[in-house]
Novice: 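If you scroll down you'll find the structure; I have some questions about it.
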Amino acid sequence: MRAQGLWGLAWRRLRADRVAMAALAVVLAFLLMVVLSASGLIVADWEEEVGVNYAPPGFAGAAAPAVAPAAPQQALPDNPFDPLADDMRALRAQLAGGAVEMYGVVDPLAADLAALRAAQPAASGGGAAAGAARRATLPFGGDKWGHDIIKKTIKGGETSIVVGLVAALLAVALGTVFGALSGYCGGVVDDFFNWFYSIFTAIPSVLMILTVAAVLQQKGVLTIVLILGLTGWTGPYRLIRAEYIKHKAREYVMAADAIGASHWRRMFGHIFPNISHVALVQMSILVVGFIKAEVILSFLGFGVPVGVVSWGSMLNEAQNELILGRWWQLTAAAIAMALLVTAFSLFTDALRDALDPKVKP
Amino acid sequence: MTLLDVRNLRVAFRVDRTTTTEAVKGVSFSVPRNATVALVGESGSGKSVSSLAVMGLLDPASARIDPASSIRFDGTELLALDGRQRRALCGKDIAMIFQEPMSSLNPVFTVGAQIGEVLRLHLGMRRAEARRRTLELLEEVGLPDPAVKIDAYPSQLSGGQQQRVMIAMAIACEPRLLIADEPTTALDVTIQKQIMELIARLQQRRAMSVLFITHDLGLVAEIADHVVVMRHGEVREAGPARQVLTQPADAYTQALLHCRPSLDKRPWRLPVIADYLDGAAPPPQPERRRGTSPGDPPLLEVRNLSKHFTVRQGWFGKRTFHAVKDVSFTLARGKTLGVVGESGSGKTTVGLTLLRLHQASGGSAVFDGRDLLRMPAREFQAYKRRIQIIFQNPYASLNPRFTVGDILLEPMRIHRIGANDRERMGRVQALLEKVGLPASAVSRYPHEFSGGQRQRIAIARCLTLQPEILVCDESVSALDVSVQAQVLNLLQDLQDELGLSYIFISHDLSVVKYMADQVMVMHQGQVVELADADELYRNPQQPYTRALLAAIPRSG
Amino acid sequence: MLAYIVRRLWQMLPTLLGVVLLVFVLFNWVGGDPAYILAGKMANAESIANIRRQLGVDQPYYVQLGIFIRQIVTFDFGLSWATSEPVSHIIATRLGPSLTVLIPLTVLETLIGIALALVIAFVRGSLTDRAVMIACTVGMSVSILVYIIVFQYGLAYQLGLFPVQGWGERFGENLLRYAALPILIGLAVSVAPTLRLFRSFVLDEVGQDYVRTARAKGLSERRVMWVHVLRNAAIPILTYVMANLPALLIGAFLLERFFGIPGIGREVILAVERSDFPVIKAITVYVAAATMVFNLLTDLLYQAVDPRVKLA
Amino acid sequence: APVKTLRYILPAAEASFDPALGRDYYTGHVTEAIFETLYTYDYLARPVKLAPETAAALPEVSGDGKTYLIRLKQGSYFTPDPAFGGKRRELTVADYVYSWKRLFDPRLASPNAWLLEGKVVGLDALAAQARQTGRFNYDAPVAGLEIIDPYTLRIHLTHTDFNLGMILAYEPLAAVAREVIDKYGDARGEVAGHPVGTGAYKLGEWIRGSRIVLEENTGHRPETWDFQPSVDGDERIVARMQGKKMPQIGRIEISVQLEDQSRWLSFISGGADIFWLEGALSPKALVDGRLRPELAARGIQLSRIVDPELSYYYWNMRDPVVGGFSKEKVALRRAIAMAHDVDEEIRLVLNGEAQRLYFPIPPGVAGHDAQYQPLLRYDPVLANQLLDRYGYRKGADGWRTLPDGKPLVITYTSRNEANGVLMAELWRKTYHRLGIRMANQRMIFSDIQKAETLCKIQTRTYQWLADYPDGDNFMQLFYGGNIGQNNNGCYQDAQFDAWFEASHSMPPGPQRDALYRKMARRIEAQAVVMPAFSRYRNMLAQPAVIGYKKHPILHQEWKYIDIESKD
Ligand code: HEM
Ligand SMILES: Nc1ncnc2c1ncn2[C@@H]1O[C@H](COP(=O)(O)OP(=O)(O)OP(=O)(O)O)[C@@H](O)[C@H]1O
Ligand SMILES: Nc1ncnc2c1ncn2[C@@H]1O[C@H](COP(=O)(O)OP(=O)(O)OP(=O)(O)O)[C@@H](O)[C@H]1O
Ligand SMILES: [Mg+2]
Ligand SMILES: [Mg+2]
């Protein structure tokens, strides 16, 4: 007969909880998506501009003009209000004419360009590179550039989930270790961490973000993770510290001392399982909070670098689109986020219950 | 005229989604009006669970009462009542004293507030009135200095004091049925006597019925009108007290009565149930000799040990309370020092201070030539294997998120006893068997056990280390005589085999008499008498000791 | 106790000093050079040097630090670099609107969180529990940005239930008319995380034996929960609530921006954007002081609610 | 009659109400209403035309463009203030002289000193002395600012300048009263929050950062609406406004609203009377530059102009990768310019709300050439070939390297806000079209300014809004002498600088225009910058607003318009 640990038991109980398992399945599906998209197996081509700008979703059945915007010069219709409309027309006529008046200025590259132009097949002058025809509608619509929203959402999930999970892990880990040390040891250690905590919470987060961003120099997903992780530990810290203060006076901790358990063991072997629910709930709140904080970071311009997409940056883009009635990007990102966050939260709640031996399945 | 009638009560606990285990298997008994019924039986036999079922306090999520069961109180079917109706009864008409007072009190309210709450709720008293009545109650249960203790928090009271608070709370409304689940385990005999008298008075005044759960057969003989004997979730025998105690019909009851330690005899090993259940009475045992001689090698020399607590008064005031004053004694290798004394006299504090779980205020404790109280913490770490304590409140000392297996394995892991977990597990299994717990216990959590079972888990945890000195703080108080005998035998065997020394704190003077070579009597933080056991029992010097010995209940 | 408080107050000095140093270093390192903004779009080296001289940022660091410390001691942070408005005036006038939104928000959030946590902890595992938790989780999974945009459009503009934005001069008007929708939005995002945390705290307590005792006394479930359980769960709840209080002083800039609330949240962002160091300094120091005071208060409260806690 | 009230929205918080410190466009709305300059612009004339404000007439300029004679109208008063003993006080030319000197006060550190720097005889010497001592001696006379009598001023310039009139119409040169400045603190004191001017409005109730109320200055010198129509549609305005007293609107309520959505909902629900429809919102109200029919049906009015603004891309000429005049560097920049689809930028980033611009001087500004033909057109194929030809070879990974084989990465800098991200995304597409790697550096505004001033930014999109509607205000962006000021590309070319200096001695006209064309062609051939577009400005007004027409230079037109009182 093997003593079954807390975690083993928790797992057995989780398996019996249908909601938890469904939630877990959703979370795993998202994680799988992250792995697949990170390894380039899916949606590697999300950046292709497959649809027209703001292609409406196919199911909405909007009959957008099927033509791709042709050479831009022609695409822009004459603006009847334009005070310079006549000038513009004249200008275009001249353009078609060919040679340009140089006003006596020498073009250093004139010869090269002439040679290149001469070598060019006649057709490829002007606009060129129209690319493949773009679709008028996309299954879930397109964004400003005509990217497929589904692919973009999946790709964005990769960033957001990694940011949320890793940053929350970092924040909770820091918060737990600091809180444990602070609450358990008390005295000078507590003073020190409180000092640290006060300083950290006092500095406006924007300044903090600037700092972290400046210290790390390069901007990227890692920076966001660090920004959130390094600024997010304070919440878990206070809570965990309080729990440790409460528990260290309990008799079972005294008993552990009596059998010779080291401080470390008492802190993490004995007390931690009893307060793990706090860390767990914090973890789930922070994951959610961070996925959302990334929205705010994007709003403030500290978001993901250009060429990377995240739910945060999508929501942020969608902010302005929504007033213009282009709801699909916002909806896609919000639904994906809500789905993951809900599943994740339900799962951690169930895990919390499963970890409590007093609760029967 | 029955007040409470329990018929065919079956309670099952869920193990997981599909399996359940039955803890109470069709128990029937009744409590007449104005009578005391004693519920005795083996530890873990379902006594507490049955009484919780009466109170309606089993957690519906984990415990299931069979629908065919019936519990009638004064003609009303309790199991059919809804929450509100039941609450109207609870606390007022039916009250219960819980087995483990220490975790049953709300840690963040003063005891006064907790008792006053019942008075105000059920008797509609005003705040001031309730406080006055609370003071009276505390006085009645013999709490020293009630005017101060009324504003104390549970954690500032000794085990016995907490138990008396529990009692005061239960009798506050003078219920018609009082369920007392081992109400005196943590009380010394003098106080116990006082409490029993108090209950008797109430019984007379209010025609109260009492369902008294206990292991103390001597006590049963003194107070009970009827006795119900339980084992393994079933009633083995029931009947008038005199009849059951003198002419037991059931083999188990007979065995139980035989296992009682007596003040007069000190057999080499205590008899256990198994000895009797086989039918044949065990062979007579040689007498064991106890006592110390000046030549015994001293293992621990305690000199002038003191401990005082600073207690908060209001927001800014504080007061120093001397819990232990100048306690000195010597413990020899392979010997047992019994510590007896009034509840709150500082026994537990001495134990905790020796282990440095409380910081001593003064004195020394020389162990192996080194002063335990003053050595650096790092050095003391090594001594933790050699000196151990079994806490008075076993439940609180068990980590609620550790399985019993983890609890027992951990000390061995810490001190690297045994080559690997498999080997350690072997030892765990062996120990569990010796303390009378099933092997399946390893994967269960502390809250799934009965009070006595938890106590045995705590004992087993200390024994994994085989310390040289073991402080046992009321360690067998929650055990029925048979299991108690089994555990005492185990301790004795270890002492015989390995020469362990015990500091044995108990209020059960017969047990102390059996176990101790030397007895130390404490009163208000001080040692009032310290002598060889036989000497002390034969010829007590101090009036306090004499009073103590006189209060021991004697059956038949 | 008094000694403890004195000791804690005394300990605030090094903390404050740490904050001062950190802010100072941070600002000088990454805070941007205000001179380049103040110099306008035709800045030349000379005018930039002049501005730096006027702002005093050309002084040696120890002199600037000394000035900073003198400012703290005298509670006078001078004028904003960007707008020449006295910093004390900025803080005094912007704090009110922020608090008008945030205090009711925090109070409601805490009360709702506690009440719901107690209720659903009581019916743990039931359908109600699940339903409330799922509803909360879904609610909380939506970003505040989305709430703002949708609620402002739907509730304020389409249905006209609230003003689209704005701020008045009378407190009552602000609270009941202009702050209502921001508070509602704040609740939509904050109740769920609070509730989940509180539920966890409460669940931790309902399994304890003293709850059984309370029930045995015949107390109503409500009393068991609101008095016995709540008092025990109070430590973490207090911690959570108190730890969030200093944040009130920094405001909620998204709400302030969208609803035209002249609060301090916008001011902070603006100050960082404009490298307005006097404002940053002042706010940081105030928030640091508030954080420390709230921490001390929290620890004192611990002691008030839980006798086992010993403050040394 | 009840006071007529106009509700207006500012999209950013106001800053200092001291005109000398004015540096942002939004605060300018308010200072322009409270303080007065000598000159202003005619409300209706297009292209814009200078008009006297407190001056009696346009300045009399000497033939060499070095002496300006200015006469003041009589009867302009500063609003009553404790600084004048609670009474009003008449405006004289000495107030202007004081206000202009103030720009050079080192303690004030005004960002607007450049407007007069190096221009007025004797003023720079006094400024230099002030820099030495740290105190500006306001009492010392300046030879170039000759006060003939309280209503007459003669200005002597150090060199020819035909643009001074426009500069004098610029907000920072408005008159403030010395008593007020002296009373409300030192140079950087609370005077910024205590504006006392001679304008048509004075500051009323004020909640900083949220709400500014302006009330009519009843002591303002009487003015009558009298403007001539200049384009179609003006007749209606003239018909409704001609002969009315100015201002008609007695109270302006300005609310600060930072978010697009809030502003739009405010306006459309009737919470504002005039509203600036910025690019992001324009599709909400406009289709193809025209008001949506449903809005038009509600009577909402649109006034649409091209801002006198130049958006352009620059490359840092001192940068080792993109800068320099060697052929391969020019080729690199030209290739990039040819690969950038400005039309796409206008369509996507600006929602179509901009006009493509090839010439570095925007329409509506003296010197603009609408006929100018660009040398560089969008042609990514050619751009790639050009790079191939100059040795920027594509490696196996598809990315180009420098001719010497070193990796080629170009850093595009933008502000850390939504638009900065969008532009970076667009430029990333451009560079990828060429097989060039692009990094995006996002910084806060002050950091960008600093880096720019120090010539440390590789490439960026920059916007310049006219201070005064003259080509000179734009051409100076590329003048070598302005490196470290606002020649952000740090372009220094002897030929260009010589032309620029020569242009100063020419009054606006065909001769100067010809020179501007050469200058434009030169920077284009060298691919130093690439002019991109000028944005449209769309102003929406509620039906009740009468006579509204957006002016390209004035911040607001409150005193020229009327509103039907609602009751
Ligand atoms: C450090 C850990 C952080 C956590 C746990 C966290 C969590 C949250 C949560 C739960 C919200 C609720 C609103 C929502 O649905 O988005 C929120 C809002 C917000 N967060 Fe964070 N966030 C964190 C960091 C940051 C940082 C670094 C910033 C940077 C400025 C930030 C700025 C904001 C803002 C501006 C709001 C909206 C407040 C309002 O206007 O009501 N947060 N955050
Ligand atoms: N932490 C504490 N703070 C204040 N007083 C305490 C504390 N612990 C114990 N005391 C007091 O010290 C005295 C001795 O307590 P102790 O627990 O040692 O008694 P005990 O002899 O073990 O009694 P019992 O037999 O009832 O367990 C009691 O009066 C108790 O109120
Ligand atoms: N929550 C629970 N889950 C599972 N089993 C339980 C639970 N509570 C009690 N039991 C089991 O029910 C049985 C009866 O327990 P109970 O507490 O009634 O014993 P008891 O007769 O009071 O013993 P003791 O004298 O030791 O207190 C024990 O075997 C115990 O292991
Ligand atoms: Mg029991
Ligand atoms: Mg004790």
Side-chain angles (χ1 to χ4, degrees), chain A residues 49 53 69 71-73 75-77 79-84 86-88 90-91 94-95 100-110 112-113 115-117 119-120 124-129 144-145 210 218-219 298-307 313 316-317 319-320 322-325, chain D residues 46 231 260-261 264 280-281 283-284 288-290 304 306 325 327 330-331 334 341 343-344 347-348 352 355-356 358 363 370-375 377-382 385-386 389-390 415-418 420-422 424-425 428-429 433 438 440-442 444 514 517-518 520-522 525-526:
Chain A
E49 296 171 358
N53 315 119
Q73 276 92 340
L76 273 184
N79 179 352
F81 275 1
D82 188 345
L84 303 168
D86 290 340
D87 298 340
M88 293 295 288
L91 187 74
Q94 241 179 357
L95 262 178
V100 181
E101 164 67 58
M102 291 303 289
Y103 308 113
V105 174
V106 188
D107 178 359
L109 302 183
D112 293 310
L113 283 171
L116 286 173
R117 284 221 176 85
Q120 258 184 354
S124 78
K144 200 176 202 67
W145 310 110
L210 270 179
Q218 112 257 41
K219 313 233 154 115
S298 292
F299 182 84
L300 289 175
F302 293 100
V304 290
V306 59
S313 65
N316 205 39
E317 278 175 32
Q319 200 206 140
N320 283 329
L322 190 69
I323 341 179
L324 305 180
Chain D
R46 302 288 186 279
V231 265
D260 288 344
Q261 160 155 326
W264 171 251
L281 284 172
K284 210 58 199 161
D288 298 332
R290 245 196 282 210
R304 177 178 171 90
V306 179
F325 294 95
K327 267 186 155 187
V330 175
R334 261 172 101 153
D341 191 347
D343 294 299
E344 187 181 23
R347 200 173 65 244
L348 291 185
Q355 190 177 79
R356 181 74 169 92
Y358 297 103
Q371 313 296 323
Y372 184 81
Q373 293 172 49
L375 195 58
R377 270 175 286 163
Y378 178 57
D379 192 346
V381 177
L382 188 61
Q385 287 167 344
L386 193 60
R389 192 179 186 94
Y390 278 95
R415 288 186 59 178
N416 50 6
E417 49 164 36
V421 178
L422 210 54
E425 268 171 14
R428 187 162 164 272
K429 280 173 65 178
R433 230 172 252 144
M438 188 197 92
N440 175 218
Q441 184 180 33
R442 269 180 255 159
I444 60 171
R517 274 193 287 273
K518 284 169 90 153
R521 189 61 89 205
R522 184 158 183 94
Q526 290 172 336

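In the text below, chain A, chain B and the rest are named by the order of the sequence lines, each starting its count at 1.
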Novice: Among Leu113(A), Asn316(A), Leu116(A), which residue forms the greatest number of heavy-atom pairs with chain D at distances under 4.5 Å?
Specialist: Leu116(A)
Novice: Roughly how far apart are Gln371(D) CD and Glu101(A) CD, rounded to 0.5 Å?
Specialist: 12.5 Å
Novice: Testing the basics here: between Leu109(A) and Ala331(D), what is the closest heavy-atom pair and its distance to 0.1 Å?
Specialist: CD1-CA, 3.5 Å
Novice: Sort Phe325(D) into side chain, backbone, both or neither according to what part of it lies under 4.5 angstrom from a heavy atom of chain A.
Specialist: neither
Novice: Report the C-alpha distance between Leu375(D) and Met102(A) in whole Å, list the side-chain angles of each, state the deciding distance to 0.1 Å, and finish with yes or no for side chain to side chain contact (heavy atoms under 4.5 Å, CB included).
Specialist: CA-CA 9 Å; Leu375(D) 195 58; Met102(A) 291 303 289; 3.7 Å; yes
Novice: May I ask you to name which of Lys327(D), Arg428(D), Gln526(D), Lys284(D) has the most heavy-atom pairs under 4.5 Å with chain A?
Specialist: Arg428(D)
Novice: Taking the side chain as every heavy atom from C-beta outward, state whether Asp107(A) and Arg334(D) have any pair of such atoms under 4.5 Å apart.
Specialist: yes
Novice: Could you walk me through whether Glu425(D) and Lys144(A) pass the side chain to side chain contact (heavy atoms under 4.5 Å, CB included) check?
Specialist: CA-CA 11 Å; Glu425(D) 268 171 14; Lys144(A) 200 176 202 67; over 6 Å; no
Novice: Tell me, out of Leu386(D), Val421(D), Val231(D), who's got the most heavy-atom pairs with chain A below 4.5 Å.
Specialist: Leu386(D)
Novice: Which answer fits Arg517(D), side chain, backbone, both or neither, if we ask what part of it has an atom under 4.5 Å from a heavy atom of chain A?
Specialist: both
Novice: Looking at Arg117(A) and Asp379(D), is any side-chain nitrogen of the basic one under 4.0 Å from a carboxylate oxygen of the acidic one?
Specialist: no
Novice: In terms of heavy-atom pairs under 4.5 Å with chain A, which of Arg415(D), Lys518(D), Arg389(D), Arg46(D) leads?
Specialist: Arg389(D)
